[in-house]
Structure formats: structure tokens, C-alpha cells
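Just so it is clear: chains get the letters A, B, ... in the order the sequence lines come, proteins before strands, and each one is counted from 1.
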Protein chains: 4
Amino acid sequence: MTELNARVGRPRSEQARDAVLHAADDLLLEVGYAALTMKGIAERAGVGRQTVYRWWSTKAEILFEASVADAEEELSVPRDPVPLADLTSYLGALVTFLAQSPAGAAYRTLLAAAQHDPAVKELIASRDVLTDSTRSVLARNGLPASDDAAARVIGPPFFWIMSGRPPADFPTATLARDLLHALTMDG
Amino acid sequence: MTELNARVGRPRSEQARDAVLHAADDLLLEVGYAALTMKGIAERAGVGRQTVYRWWSTKAEILFEASVADAEEELSVPRDPVPLADLTSYLGALVTFLAQSPAGAAYRTLLAAAQHDPAVKELIASRDVLTDSTRSVLARNGLPASDDAAARVIGPPFFWIMSGRPPADFPTATLARDLLHALTMDG
Amino acid sequence: MTELNARVGRPRSEQARDAVLHAADDLLLEVGYAALTMKGIAERAGVGRQTVYRWWSTKAEILFEASVADAEEELSVPRDPVPLADLTSYLGALVTFLAQSPAGAAYRTLLAAAQHDPAVKELIASRDVLTDSTRSVLARNGLPASDDAAARVIGPPFFWIMSGRPPADFPTATLARDLLHALTMDG
Amino acid sequence: MTELNARVGRPRSEQARDAVLHAADDLLLEVGYAALTMKGIAERAGVGRQTVYRWWSTKAEILFEASVADAEEELSVPRDPVPLADLTSYLGALVTFLAQSPAGAAYRTLLAAAQHDPAVKELIASRDVLTDSTRSVLARNGLPASDDAAARVIGPPFFWIMSGRPPADFPTATLARDLLHALTMDG
DNA sequence: GCATAAGCGAGACGGTACGTCAGGTCTTACG
DNA sequence: CGTAAGACCTGACGTACCGTCTCGCTTATGC
């Protein structure tokens, strides 16, 4: 028995955990990150404030836990045997994720918060779901799967969306073509 | 007469304005954006709270006014007659600005805040100093100075720094070469 | 020459003085003493704030100046040759003044303010218009015109109104009769 | 069960309540009513501002709660079998209460505030401790215990103290004698 | 008749209290 | 011992008024 005393007392309520994660997701879309409060999350979830603080330190941690799984799923596009088509469709998913998805909103928000909050920075660094998925797409198309290659894929759509431009106007096809050419040279 | 009543009452104190802008700059570096408060700025500046609210609505507005001028200066690199060298040195300045400069920190912070604050988004949109300077560098090297060309220049270093990687590791030269090639084709 | 340089410069504006006094009177009735502010008085009077501060230090001083003249007039009842009738009609005027008149409201307010503001206490002490008029009524009816005789006349209606009871219910006649009897004995 | 949910959550802190009431009492004497602030009371009591606002809306309510009990005690003089002596000693207690006692200062202050604050007026009307105690003294001496009889007892010393005269100079004995005579006639 | 001087309305200045809100901690009773 | 409830202290919020200080202007006197 490695966890002799682990089961002493009332077990954690899965119901409370889910309620908190959903409340955080909902409130992020409704009121935005700045107006998102631990108090508000607890009240929306119908949960005591202490229960929230017991399991998460900050609203960023809640958002992170709430969005990582969704993010992974939304970014996993089916592989296309033609590299150009594969990369293009992935870039499209990236733009959609960043601009439209609740999990994408959480990602942008967390990266933003990380700029002035070391704890969030560490959280993000521990699991950068965007870089990870991009590297796997590069790898499966025989391209270099380095961090800087990933940054060259993610960067343009990321800046595009972060600076508030319409996702539809982003030149996905052109970028895919150029990246494929450039990264093939590099490798 | 455009400003008939402009000189009624005590005129605005330039001294107070400067004190507020500098206080905001200093405090951003010292305590970060989240802990930056209107109250704190006013106290650091030795200024009444009302005086801050009289001229700026939010801490974002103060930071914006405080950083725009600095940003423009730091991003204006002397032109190199060789396009590759010119673009490379500009990319270097971009990385340095984003990663090291107080004005760059303010820029990252504001773009972050814009993700959940429409007022900040509008502010940024009214004067995106990064896109502007990039477009002018592209133009002077005979490259297409569109918004999406700019996004392809800014995006990679922007994501690199935003996700907390070391500025020194960013592949400035490679990116400059590839961009020059790709954008020449597009044009 | 007592006032050699007294007439140098622009003379005081009587118009501004009147506007301030009336504004104070009006605002006292409209918003009450607590919500009466120097700023509000100045704005209502259409006068600069400095002009108010130049001539009065506190809102109490303004009210005092605004009400003393009115008070004296309202409390000067025509003499009745029959002492009981004279005293009765004066008591009636007293009740009406305290309960209904704007100047009476100002008097109650100032006496209230005097309880915790020594400056107001001194102001009132310098000219207690209620005690003065009462003493003169006592004197003209051959009664002792001491301060404590005055207090015995003023006290009951004063407490009655101060504690918020309806003026009509105050037993003017009974009090006048008893006072006349008691004070005659004392003298 | 009238208070089914009364015991849910952390119970109110009696310690905080007492600290606030004492702080209000102390500060009233130290700085006066005008300079008495909710913020100051909270700080002096070592209590959060929200805790004060949670239980009391205004400084007047705090003073009222702080003084009523004291007032009742200070005004309950032991009965003297001789009516004149009983009334005289009660009048003495009244003067002392109004002029010297902290609770008396609170009473004067509240009656003052009631002149321009309907909420305070209602508060006072709900429990006029001065009128109540006076009526009971009148009753136990076989005199009419009406509101206007009470006003004739309280009025003179009340006006005396309110207008700032020395308590020692108030003619307690004369007033007691005259009142006894007059009210006996009325009854 | 022009300088000097003081009063004028306007409005910005550095402060401070307002009443509210969220933070994070604590203390209950219940399950 | 986890939970919901809710009171606790702390401290920032944005507003109002404080009393003071410039401004440009007006309106007197007096050299």
C-alpha cells in the first residue's frame, strides 16, 4: 500500500471539479479574463470558495486545466498524404482554434497572462499544446520538428489573430507553400 | 477659431503628465501589469488619483501613451543598402525590442490585454506601431508591404518571445533569408 | 484715514454675494446640511469656488449670514398689551419659525453643527437670535429677562420640534400661562 | 423554527461588534461627529471596512447602538419618596447626561443629525430614550406622563446645553419647583 | 490714460473619504 | 475530512468634495 492514508475522509467531489471547470470556461467567454474572478467562478459553479482554492491557486490554473484537453482535440487534424495539403489544413485548424474556439481563447489569454505572471509562464512552458501539435505535424511530413520551425508555423497566424484581424483574411495557402519550401531547404 | 474656450481655467500640468507616464513605465517593470494599479501609479507619480482619471481611463491607456514614442524610436534601424542585411538587422531590433525593452514589454502587455478588453483592442488597432514599422522596412526593400507580409515577419519572433524562449536563440538570419525569398516570389 | 488702500482694485460683487446666500438657502432645503457643499453652493450660484472661499470659510458661516436677518424679522411679533396674549403669540411665532421657516431650519442646523464644531459654536454664541428676541419679549412684559428665563421659554418648543413632533400639537397656550405664573413668582 | 438557516456559515464576531462600538464612542469624543468617518472607525477598531458596512449603514446607526444602553443607565436615578426631590435629582441627572456623558454627546449629535437626515430621524423616533425616561419619572410622581409634559421637563436643560451654556449654571431647583406646580395643576 | 491691484469664473492640482467589490483566510454545521 | 455558507481583514476600485493654485478677464483707483 503506497497510499495508506490517502482515502481517509470525504473523497474529492468530481461533481464540484467539473462544475468549476465549466463555470470558468463559460465565464471566460461571457465576461473576459480580467473580469473573471475566483469568487465568480465559485458562485457560478455553486461551490464554496474554499473548495476552489483547495484545488487551484489561480484562475489561470483553472483555465489551463479546463482547456488543455479541448485544445489537443481541436488541433489534431487527420493526416493528409500530400504534405502541402496536410500543412495547409493544419494551418486552417490553427487559425480556427485561435480565433473561434473557447479553448483557443483560453490559450491566448494564458499566454497573455504569462507575460507578467511567472507562475503562468511556467504552467504554459510545462505543456505548450500549440508547439507540441505543430511539431508532430512537421515531423509526419518529413520536415524539421524544431522549436524554431514550429515558431515559424505558429507565429504568423498567432500574431494575426492576437492583433485582432479577421481569421478569414489570413493567407493560409501562401504561408503553407512558402513554409514547405523554406523548411525543406533548411532540413 | 477651433479652440475658443481652450484657455479657460488652469492649464494642464505637463509635469504631472510626465510623472504619470514615467511612473507607469517604472511600475510595469517592477511589479508587472496585473499588480499595476491606477492608485499605485498616482502615488508613485506624486499626483492625485483624480488627476490620473481626468486624462486616462485605464492603465492600458497610460501604458500606450507612455510606450508609443519609445517604440517608434527603438524600431527605426538605419537602412542598409543590402536588403538581406537590412531585413536581418530589423529582425534583430524586433527581437530585442520585444524581449528587452520596457516599451516592448508594454507592447506585449497591451496586446495581451486587448484579448479580453475591446477598448484596448481599439487602442492598439488605432496605432499598431509594430506593423507600421515593419511595413515601412518591407517597402524600402522593394517587398510587398501588406498586412499579411508584415504578419509573416513579426509573427515568428513575436510568438518566440511571447512563449518565453530566450531571444538569443531566435534564428534571425534564417528567417530573414527565407522571408526575402518568399516575399520576392509573392510580389 | 482708516481705510487708505481699502478701495484699490475691483470692488466686491454684491451680485455674487447674494447669489451665494440664496444658493445656500435653497440647497439647505433641497439636499440638507450634510449634502450641502461649498462646491455645490458655488456651482448653484454660478460663481467661482475661490469667490466663495474668499468671503466665507465654511458652509456654516454662509448659512449664518443668510439666515440671521430673516430670523430677526420672523420672530418680531407685534406687541399685545395683554402679557398672556403677547407671550402666547410669541410662542406661536417661535414654533412656526423653528418648524416651518427656512431660517428656522438654518438655525436648527447651525445649533446642531455647533455641537461638534467649536467655530460654529462661537458663531452662534456671538449672536443668538432666538435668546435675544425672547429676552426682549420677556422684558416688555415685565418678566425677568435672564438667560435661564429665556431657556425656559425656548426649551420646550425647541425640543418638541427638534425631536420631530408636529408643530400643531405643541401646547402653546398652556405653556404661556404656566410660564407667566412661574416667572412672575421668580421676579 | 423561525431561524432555520441562521446558523449557516461563520457566525458574527462579537469581538468585532464591540470593537466598532467602542471605536465609534472614542472617536466621537476625540474628533467630533463631522470628522467621524466609517473608515476611521474601522481602522481604530482594527476591523475591515466591509465588516462595518455589513452591520451598519451609517455612522449615526453605530452611535445609536453604542449609546442607547449607556443612556438608559445614566438616566435611571433612584426614586426619592419626595416628588420635588425626585424631580430635582432627575433634572440634575439630565443636565449631567447631556453635558458630560459620552452617551449624552451621542444623543445631542444624533438629534442634530436627525434635522437633515430622515433615516436618523426615524432611528431616534423609534427609541427616544430621553422622553421615555422622563415620562416614567413623571408617572412615578403622580404627574401627567404625556409627551408635552416630558417636553416641558427636557426642553429647558436641553436648549441650555445645546446652546453651549455651562451646566452648573442651570437652575435645576427652580425649574423642578415650577414644573411640579404647573403639572399638578394640569393633571 | 495707462499702470496697478483686486475680484471674477473656470478648472486643474494633490489629497482623503466615500461605498463597493474581490482577494484569500477563517470558522461554523452538515454529510 | 470535504463540503457550502458566509464572516473576517485587506486593499483597489472610480467618484465626490476638500481647499489651493493658476489662468485670462474685468473693473475699479490713482499716478
Side-chain angles (χ1 to χ4, degrees), chain A residues 5 7-13 15-16 35-43 45-55 57-59, chain B residues 5-13 15-17 19 35-43 45-55 57-59, chain C residues 4-13 15-17 35-43 45-55 57-59, chain D residues 5-13 15-17 35-43 45-55 57-59:
Chain A
N5 295 0
R7 301 286 187 123
V8 176
R10 184 172 175 173
R12 176 173 183 182
S13 157
Q15 186 180 326
L36 185 66
T37 66
M38 295 294 263
K39 191 186 186 214
I41 293 170
E43 280 166 6
V47 140
R49 289 164 72 186
Q50 192 71 79
T51 299
V52 179
Y53 283 110
R54 185 153 27 231
W55 302 109
S57 300
T58 63
K59 56 185 180 179
Chain B
N5 295 2
R7 299 291 187 120
V8 175
R10 181 175 178 171
R12 177 173 183 182
S13 158
Q15 185 181 324
R17 177 177 177 273
L36 185 66
T37 66
M38 295 295 260
K39 189 186 188 221
I41 293 170
E43 281 168 3
V47 141
R49 220 123 69 85
Q50 188 78 83
T51 299
V52 179
Y53 283 109
R54 188 156 25 233
W55 302 110
S57 300
T58 62
K59 55 184 181 178
Chain C
L4 197 68
N5 296 357
R7 301 287 188 126
V8 175
R10 181 175 180 173
R12 177 174 183 182
S13 158
Q15 185 179 326
R17 176 178 178 272
L36 185 66
T37 66
M38 295 294 261
K39 190 188 187 213
I41 293 170
E43 280 168 3
V47 141
R49 289 166 70 187
Q50 189 70 222
T51 299
V52 179
Y53 283 109
R54 185 156 25 232
W55 303 110
S57 300
T58 63
K59 56 184 180 178
Chain D
N5 296 2
R7 299 292 187 119
V8 175
R10 182 175 177 172
R12 178 173 182 183
S13 158
Q15 185 180 326
R17 177 178 177 271
L36 184 66
T37 65
M38 295 295 262
K39 190 187 186 218
I41 293 171
E43 281 168 2
V47 141
R49 221 123 70 85
Q50 188 76 84
T51 298
V52 179
Y53 282 109
R54 185 155 28 231
W55 303 110
S57 300
T58 62
K59 55 184 181 179

Trainee: Is there a donor on the side chain of D:Q50 or the base of E:dC21 sitting less than 3.5 Å from an acceptor on the other?
Mentor: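 When only heavy-atom distances are counted, D:Q50 does reach the base of E:dC21 through a donor-acceptor pair under 3.5 Å.
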Trainee: May I have the distance from D:K59 (atom NZ) to E:dG19 (atom C1'), rounded to whole angstrom?
Mentor: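 So the two atoms are 14 Å apart, to the nearest Å.
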Trainee: So, do D:V52 and D:R49 sit near enough that their side-chain heavy atoms are less than 4.5 Å apart?
Mentor: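 With C-beta onward as the side chain, the pair stays apart.
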Trainee: What is the distance, to the nearest angstrom, from the NZ atom on B:K39 to the P atom on F:dC13?
Mentor: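 My rounded result for the distance is 8 Å.
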Trainee: Among E:dC8, E:dA22, F:dA4, which is the nearest nucleotide to the side chain of A:T37?
Mentor: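 Nearest nucleotide to the side chain: E:dA22.
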Trainee: Return yes if the base of F:dC21 and the side-chain atoms of B:R10 contain a donor-acceptor N/O pair under 3.5 Å, otherwise no.
Mentor: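 For B:R10, whose side chain was compared with the base of F:dC21, there is a donor-acceptor pair (under 3.5 Å).
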Trainee: When you measure from the side-chain N and O atoms of B:W55 to the phosphate of E:dG11, is any distance below 4.0 Å, counting only OP1 and OP2?
Mentor: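 Result: no.
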Trainee: D:Y53 has an atom OH; how far is it from atom P of F:dG11, in whole Å?
Mentor: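 Checked: the OH to P distance equals 17 Å.
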Trainee: Please report the distance, rounded to the nearest Å, between CZ in B:R12 and P in E:dG14.
Mentor: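 Whole-Å distance recorded here is 11 Å.
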Trainee: Between D:P11 and B:L36, which has a closest nucleotide on DNA chain F that is more 5'?
Mentor: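 Of the two residues, D:P11 wins.
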Trainee: Mind checking B:G40 for me? I need base, sugar-phosphate or nothing, with any heavy atom below 4.0 Å counting as a touch.
Mentor: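 Here B:G40 touches no strand at all.
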Trainee: Considering only heavy atoms and no angle criterion, is a donor-acceptor pair shorter than 3.5 Å present between the side chain of C:R49 and the base of E:dG11?
Mentor: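 No such pair is found, so the answer is no.
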Trainee: Round to the nearest Å and state the distance from B:M38 atom CE to F:dG14 atom P.
Mentor: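 That distance rounds to 6 Å.
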Trainee: Would you mind reading off the distance between B:Q15 atom CD and F:dT22 atom P, rounded to a whole angstrom?
Mentor: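 B:Q15 atom CD is separated from F:dT22 atom P by 11 Å.
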